[in-house]
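Worksheet: one structure, shown below.
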Amino acid sequence: MSWRQLESMAPGEVLPPEFFARSALQVARELLGDYLCLREHPHGPVHRWVIHETEAYTGPDDKACHAAKGLTPRTQVMFGAPGHWYIYLCYGVHWMANIVCERQDHPAAVLLRGAGHADGPGKLTKGLGIGKQHHGKLAVPANGLWIETGEDVPDKAVDVTPRIGIAYAEEWVEKPFRFIWREATHDLKPAKWRPTKKKRARNR
DNA sequence: GTTCCGATTGTCT
DNA sequence: GACAATCGGAACA
């Protein structure tokens with residue numbers, strides 16, 4: 001039974017911080033079908049994109065999780081309260097949108113990889129206009145970026161795979177921490193795993 | 001169809 | 001100074 005059913009939330013309700021105060025794996029799975037919502041101006045239109053792909057970064061022991069290297073200025077929001085946005089620049093090019101999970105002092109987060117017609121985390125943030133201005137903010141409508149309940153997605157419609165782009169994470173590379181809502185993505189190209197250029201050079 | 005590669009900058013060593 | 005939770009386009013098959 002999902003948290004949503006326990007709390008009997010109707011579709012279209014804002015997910016409160018408590019929703020995220022659980023394991024990143026559980027949150028990542030349940031976010032499928034929910035709406036990523038953005039409003040640029042207080043009186044501007046609300047953009048709602050259905051979330052169809054997520055990844056869980058589970059804590060300080062997870063070598064793929066940025067917080068595995070300890071508390072730094074960049075990662076400190078992951079060590080804080082759940083329900084806040086952790087947003088960072090990847091490859092000097094793309095902003096990644098993550099929402100902090102678990103509890104204070106247990107760094108964990110869920111990366112939003114696909115929503116609406118965007119089939120990658122960089123396209124998602126670019127398409128919606130998410131950037132460093134949202135970093136560290138609580139995910140509530142007053143801050144312009146939040147998540148609302150959508151439909152429940154059944155397990156049979158969900159693919160679970162290893163995470164993308166984390167070839168350095170040793171025994172955590174193969175963990176099935178990526179969740180894809182298949183029906184929502186069948187006409188999008190799936191993200192392919194590929195080692196980074198430098199890793200390829202090293203392996204030659 | 002697949003594979004390769006550069007872009008571009010914050011972060012950590 | 002190395003490298004990164006990516007992407008789009010070019011080159012090749």
Side-chain angles (χ1 to χ4, degrees), chain A residues 20 23-29 31-32 36 49 51-80 82 84-102 106-137 139 145 147 159-181 185-204:
Chain A
F20 303 99
S23 81
L25 281 169
Q26 212 171 352
V27 172
R29 167 63 182 84
L31 280 180
L32 296 180
L36 176 60
W49 285 15
I51 298 168
H52 54 71
E53 184 176 338
T54 59
E55 275 179 7
Y57 291 84
T58 59
D61 299 331
D62 181 350
K63 286 178 180 156
C65 183
H66 288 169
K69 299 203 155 85
L71 196 161
T72 68
R74 176 173 65 152
T75 60
Q76 70 170 353
V77 4
M78 254 203 281
F79 288 79
H84 288 73
W85 294 106
Y86 168 55
I87 292 173
Y88 71 94
L89 187 64
C90 176
Y91 296 106
V93 180
H94 303 289
W95 293 100
M96 302 285 112
N98 303 247
I99 190 149
V100 176
C101 295
E102 283 273 357
H106 181 101
V110 170
L111 169 65
L112 303 180
R113 291 191 56 89
H117 53 77
D119 61 351
K123 291 188 239 180
L124 184 159
T125 54
K126 186 180 178 191
L128 221 36
I130 298 169
K132 64 180 173 196
Q133 71 272 24
H134 298 106
H135 180 66
K137 298 258 179 73
L145 186 63
I147 298 176
D159 283 336
V160 184
T161 80
R163 293 170 292 183
I164 301 297
I166 54 152
Y168 56 85
E170 298 174 23
E171 74 270 23
W172 293 82
V173 167
E174 298 295 333
K175 303 275 187 194
F177 288 179
R178 174 173 173 232
F179 300 89
I180 305 161
W181 181 14
T185 59
H186 74 279
D187 38 54
L188 299 174
K189 290 177 193 162
K192 288 179 296 188
W193 179 87
R194 187 200 301 161
T196 64
K197 178 175 32 168
K198 303 236 165 88
K199 299 288 178 194
R200 285 198 304 272
R202 185 177 302 169
N203 291 336
R204 257 198 296 266

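All chains are named by letter (A, B, ...) in the order of the sequence lines, taking the proteins before the strands, and each is independently numbered beginning at 1.
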Name all stems that contain residues of DNA chain C, defined as runs of 3 or more consecutive Watson-Crick or G-U wobble pairs, both distances under 3.5 Å.
->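 Detected stem regions: B:1-7 with C:6-12, B:9-12 with C:1-4.
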Does A:Leu112 reach the side chain of A:Pro121, with side-chain heavy atoms less than 4.5 Å apart?
->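 When only atoms from C-beta onward are counted, A:Pro121 and A:Leu112 do not touch, as no gap falls below 4.5 Å.
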Taking A:His135 for its side chain and A:Ile87 for its backbone only, find out whether a donor-acceptor pair lies under 3.5 Å.
->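 Side chain of A:His135 to backbone of A:Ile87, a donor-acceptor pair under 3.5 Å: yes, one is there.
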Short question: side chain of A:Thr125, backbone of A:Ile130 - any donor-acceptor pair under 3.5 Å?
->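 No, the answer is negative, given that no donor and acceptor are paired below the 3.5 Å cut-off.
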The single option from A:Leu31, A:Ile51, A:Val100 passing side chain to side chain contact (heavy atoms under 4.5 Å, CB included) against A:Val110 =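 It is A:Leu31, the one option of A:Leu31, A:Ile51, A:Val100 that forms the side chain to side chain contact (heavy atoms under 4.5 Å, CB included) with A:Val110.
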Answer yes or no for this row: A:Tyr88 ring on B:dG10 base, centroids under 5.5 Å, planes under 30°.
->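 It does not: the two rings, one from A:Tyr88 and one from B:dG10, miss the stacking criterion.
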Considering just the side-chain nitrogens and oxygens of [X], establish if one lies under 4.0 Å of OP1 or OP2 belonging to [N].
X	N	value
A:Arg178	C:dA5	no
A:Lys123	C:dG8	yes
A:Tyr91	C:dT6	yes

When you get a sec, tell me which of C:dA4, C:dT6, B:dT11 is the closest nucleotide to the side chain of A:Tyr168?
-> C:dA4
Counting side-chain heavy atoms from CB outward, which of C:dA5, B:dT11, C:dC7 is closest to A:Met78?
-> C:dA5
So, for A:Ala118 and A:Lys123, which heavy atoms are closest and what is the spacing to 0.1 Å?
->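 Smallest interatomic distance, heavy atoms only, reads CB-C, 3.9 Å.
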What is the minimum heavy-atom distance between A:Pro107 and A:Cys65, and which atoms define it?
->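 Shortest heavy-atom contact: O-SG, 4.4 Å.
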DNA chain B contacts among residues 61-70 of chain A, heavy-atom distance under 4.0 Å =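 Those residues whose heavy atoms fall under 4.0 Å from DNA chain B, taken from residues 61-70 of chain A, amount to none.
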Closer to the 5' end of DNA chain B via nearest nucleotide, is it A:Lys132 or A:His94?
->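 Closer to the 5' end of DNA chain B: A:His94.
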Output the rounded distance in Å from [atom1] ([X]) to [atom2] ([N]).
X	N	atom1	atom2	value
A:Leu124	C:dC7	CG	C1'	14 Å
A:Asn98	C:dT6	CG	C1'	14 Å
A:Ile130	C:dT6	CD1	P	16 Å
A:Arg163	C:dA4	CZ	P	15 Å
A:Ile87	B:dT11	CD1	P	13 Å
A:Trp95	C:dA4	CH2	C1'	13 Å
A:Leu111	C:dT6	CG	C1'	11 Å
A:His135	C:dA5	NE2	P	15 Å

Contact class for A:Gly92 vs. all strands (heavy atom < 4.0 Å): base, sugar-phosphate, or nothing?
->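 Touches a base.
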Using a strict 4.0 Å threshold on nitrogen-to-oxygen distance, state whether A:Glu55 and A:Arg163 make a salt bridge.
->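 Salt bridge flag = no for A:Arg163 with A:Glu55.
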Could you give all pairs that pass the side-chain hydrogen bond (donor to acceptor under 3.5 Å, both in side chains) test and reach residues 63-73 of chain A, with sequence neighbours left out?
-> A:Lys63-A:Glu170, A:Lys63-A:Glu171, A:His66-A:Tyr86, A:Thr72-A:Thr75
B:dG10 to C:dG8 separation - C1' atoms, rounded to the nearest Å = 22 Å
Taking the six-membered ring for Trp, are A:Trp49 and A:His117 ring centroids under 6.0 Å apart?
-> yes
Test side chain to side chain contact (heavy atoms under 4.5 Å, CB included) on A:Asp159 and A:Trp181 and set out the steps.
-> CA-CA 6 Å; A:Asp159 283 336; A:Trp181 181 14; over 6 Å; no
